[in-house]
Trainee: 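Before I ask anything, here is the structure I am working with.
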Amino acid sequence: MKLTQAQAEKVEALLREMTLDEKIGQMNLESPSIVGGFDVSFEELIEMVNDGRIPQEEFVKIMSTAKRDFHEDDIRAGRVGAMMGDDPVKANELQKIAVEESRLGIPLMMGFDVIHGFRTVYPIAIAEAGSFEPDLFRRTARMAARESRAHGVNWNFAPMVDVARDARWGRVSEGPGEDPYLASCFARAKIDGLQGDTSSKESYVAACLKHYVAYGACESGRDYNTTTMANSLLYNAYLPPFKAAVEEGAATVMASFNDLNGVPCTLNRFTLREILKECWSFPGFVVSDANAIRECVVHGIAEDEPTAGVMAAQAGMDMDMGTEIYLNNLKQAIEDGRLDVAYLDEAVRRILSVKMWLGLFDNPYVPEEQIATNEVIPQTNLDLALEAGEKSIVLLKNDDNLLPLSKSQKISLVGTLAAKPEEVIGAWAMSWKPSDCVTILDGLKNQGAALEYFPCGGPDAPMNDEEIAAAAAYGDVIVAVVGENVTMTGEASSKADISMPGAQREMLQKLLDTGKPVIALLMNGRPMALEWEAEHLSTLVECWHLGIQMGNAVAKVLFGEAVPQGKLASTFPKMTGQCPIYYNHPNTGRPGSKSKFTSRYLDAGFSELFPFGYGLSYTTFQYDDLAVEDKGDHLAVSVKVTNTGKRSGVETVQLYMQDVVGSIVRPVKELKGFTKVSLEAGASAQVSFTLNKSDMGFYNNDGKYLLEDGTFRIYVGGNSRDCLMQELRLVF
Ligand code: GLC
């Protein structure tokens with residue numbers, strides 16, 4: 001996000017005109033509040049539903065009569081800087097009030113959660129990251145930006161780039177997995193996609209990096225829980241994707257709910273001011289997460305809301321999402337001398353700069369003709385969602401070569417997840433339509449498969465023995481779709497047990513007992529503990545939540561029209577108790593092994609079930625002739641990859657390094673590069689990497705980046721476990 005000189009001068013001129021009230025108004029983000037229809041507050045109503053005091057049906061009935069307050073009067077009075085919403089007609093109405101009726105006519109940011117697509121929903125991030133294709137990350141983000149703008153949304157609360165190592169956390173689904181390097185590539189590409197095409201107002205939005213920072217390290221994977229870590233871990237594992245995205249020009253950042261080393265990120269001066277704004281020179285603005293300034297009182301860092309507001313503003317929090325604490329308290333704080341107006345000027349300068357960069361002062365409205373065309377999803381969008389789906393599917397097991405299927409086989413499709421449109425969508429999809437969704441049942445039918453569908457059971461559906469018997473009687477092969485409901489991942493969806501929910505394991509056992517071959521397709525939003533499934537099933541495919549084209553993507557891979565090429569962006573454990581589990585861990589003094597006095601579990605050993613970067617193909621690949629040359633400022637790495645199978649395939653070749661001895665212990669492996677290669681059966685390719693020595697360092701606990709001479713190991717392979725290795729001494 002860069003302003004021209006003229007734009008920067010306009011911002012300064014506007015700032016000089018603004019009253020104290022108008023400055024504070026710009027720092028206030030509202031969402032349409034639910035009002036009327038009941039005699040308790042909306043928050044109380046939610047509590048009443050959650051604790052069962054009123055039935056869900058009663059809640060829905062009340063909501064149907066409730067109105068929504070869009071804060072028109074506040075906007076007119078210059079007390080709102082940004083709104084949330086996804087309706088272009090309403091956006092134009094509110095924008096018109098801001099631009100034509102408020103004193104200074106400052107346009108609104110219109111923000112919305114567009115995490116993996118607006119109406120054209122594509123795979124959840126943990127799936128898409130597994131495509132290991134930055135160009136794809138960028139293209140899907142660009143599509144989301146265009147759809148957003150067409151619906152009046154000029155600010156996406158995305159990308160979520162939280163590194164996460166504990167699959168008990170439900171928000172693993174929303175981010176790019178466990179690795180800082182892959183997450184950084186993902187973050188950079190998403191910023192370019194969302195913000196990069198400023199050729200026309202219709203094709204870019206302000207991104208919002210979230211959740212800053214280390215939210216994914218919430219203790220025991222429990223959402224909103226405390227996070228505590230050494231600064232070296234913060235710098236080496238959790239900050240990198242944010243740093244990469246700020247370098248790419250991210251326009252806004254959302255602070256995370258968690259307290260980090262005792263200080264909530266909402267008012268954490270170290271992370272917000274020292275790192276983000278000073279060290280990284282971040283030019284945009286920081287917004288709180290929903291209600292987070294109020295929660296600083298609950299955290300116990302502020303006595304009361306006015307104090308929380310002052311502390312947040314001083315720490316570098318520029319915009320308040322949803323509490324009105326800034327609106328109701330900052331003026332008094334300024335007048336009492338508890339807050340310097342310079343903090344407001346800084347915040348408002350940043351906010352106005354983003355609005356100026358977005359072109360909102362010249363073009364605040366969605367063109368009517370654009371609104372008229374929103375109804376139809378362009379074929380190019382559908383094609384891209386399909387491509388992203390195909391590339392995110394991970395083949396975990398194919399021991400009996402049941403896949404790919406042939407069209408002549410009769411298929412018994414099993415599992416409630418296979419036929420529910422709402423289950424393909426994934427967490428945090430907000431503006432989709434059920435009619436757009438292609439289920440796995442739809443997708444197989446679209447492929448002309450000979451199939452019958454038997455629900456048989458699901459994550460929260462009881463097993464049905466008659467349907468299981470009928471499924472066994474009909475098909476030559478049983479395709480069982482199992483996993484998690486979409487509601488089991490996303491925000492506030494941590495789980496203490498991430499094994500297969502409900503009676504699905506028993507259902508799979510009964511299907512196996514019929515003697516018919518069983519192919520299990522997983523629909524889930526997090527890595528799951530699948531030790532039993534991996535032991536009993538010969539064929540296992542990770543299909544995640546792939547968005548509106550899910551069924552077509554899965555069907556094309558099942559029939560071999562598309563090759564499975566996805567890899568895992570997060571480690572899969574054998575058992576929940578192994579979490580957090582990740583590949584880039586320190587060695588410890590007693591690395592896990594079969595012998596007793598080593599770092600392992602008596603009941604789960606020490607290894608993962610499926611490692612980071614893992615994924616099979618319908619063919620096989622062999623790695624030979626790893627060569628590593630020291631070229632002074634970089635290493636030249638090359639390896640020969642051969643397709644040793646009978647079908648063409650696509651392989652993601654991965655480059656890892658290990659700094660064997662350091663002034664603080666370093667991970668046993670760190671991803672430092674990847675590239676995809678497509679090979680016909682029998683063909684080979686020489687794959688090369690350039691590893692800049694400047695990228696081989698690490699941060700110490702003072703936040704200082706170090707390059708230390710010593711022994712290094714270079715690994716190359718098709719996943720983080722099975723690699724060729726060369727060792728060398730390096731002097732920097
Ligand atoms: C939520 C989420 C955040 C989202 C925000 C606005 O609580 O934490 O990711 O952008 O509220 O919906």
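Every number for a ligand or one of its atoms is a count from 1 in the order of the listing. The chain is numbered in sequence order, starting from 1.
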Trainee: Could you check Asp289, Thr252, Asp113 and say which one makes a side-chain hydrogen bond (donor to acceptor under 3.5 Å, both in side chains) with Lys210?
Mentor: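 Going through Asp289, Thr252, Asp113 one by one, the side-chain hydrogen bond (donor to acceptor under 3.5 Å, both in side chains) with Lys210 is satisfied by Asp113 alone.
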Trainee: List the steps and the verdict of ring-ring contact (aromatic ring centres under 6.0 Å, His included) for Trp357 and Tyr204.
Mentor: CA-CA 10 Å; Trp357 170 76; Tyr204 72 107; 5.0 Å; yes
Trainee: Would you please indicate yes or no on a ring centroid separation below 6.0 angstrom for Phe257 and His211?
Mentor: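 His211 vs Phe257: aromatic centres not under 6.0 Å.
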Trainee: Tell me the residues surrounding ligand 1, counting only those with a heavy atom closer than 4.0 angstrom, sorted by chain and number.
Mentor: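 Around ligand 1, where the cutoff is 4.0 Å for heavy atoms, the contacting residues are Met84, Asp113, Phe157, Arg171, Lys210, His211, Met254, Phe257, Asp289, Ala290, Met321, Trp428, Glu491.
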Trainee: Quick one: which of Asp223, Asn258, Asp162 gives a side-chain hydrogen bond (donor to acceptor under 3.5 Å, both in side chains) with Tyr215?
Mentor: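 When Asp223, Asn258, Asp162 are each tested with Tyr215, the side-chain hydrogen bond (donor to acceptor under 3.5 Å, both in side chains) holds only for Asp223.
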Trainee: Measure up the Phe285 and Trp155 rings against each other and bin them: parallel (under 30°), tilted (30 to 60°), perpendicular (over 60°).
Mentor: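 Correct class here is perpendicular.
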Trainee: Among all residues two or more places apart in sequence or in another chain, which pass the salt bridge (charged side-chain N to carboxylate O under 4.0 Å, His left out) test with Glu93?
Mentor: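 Glu93 satisfies salt bridge (charged side-chain N to carboxylate O under 4.0 Å, His left out) with Lys90 only.
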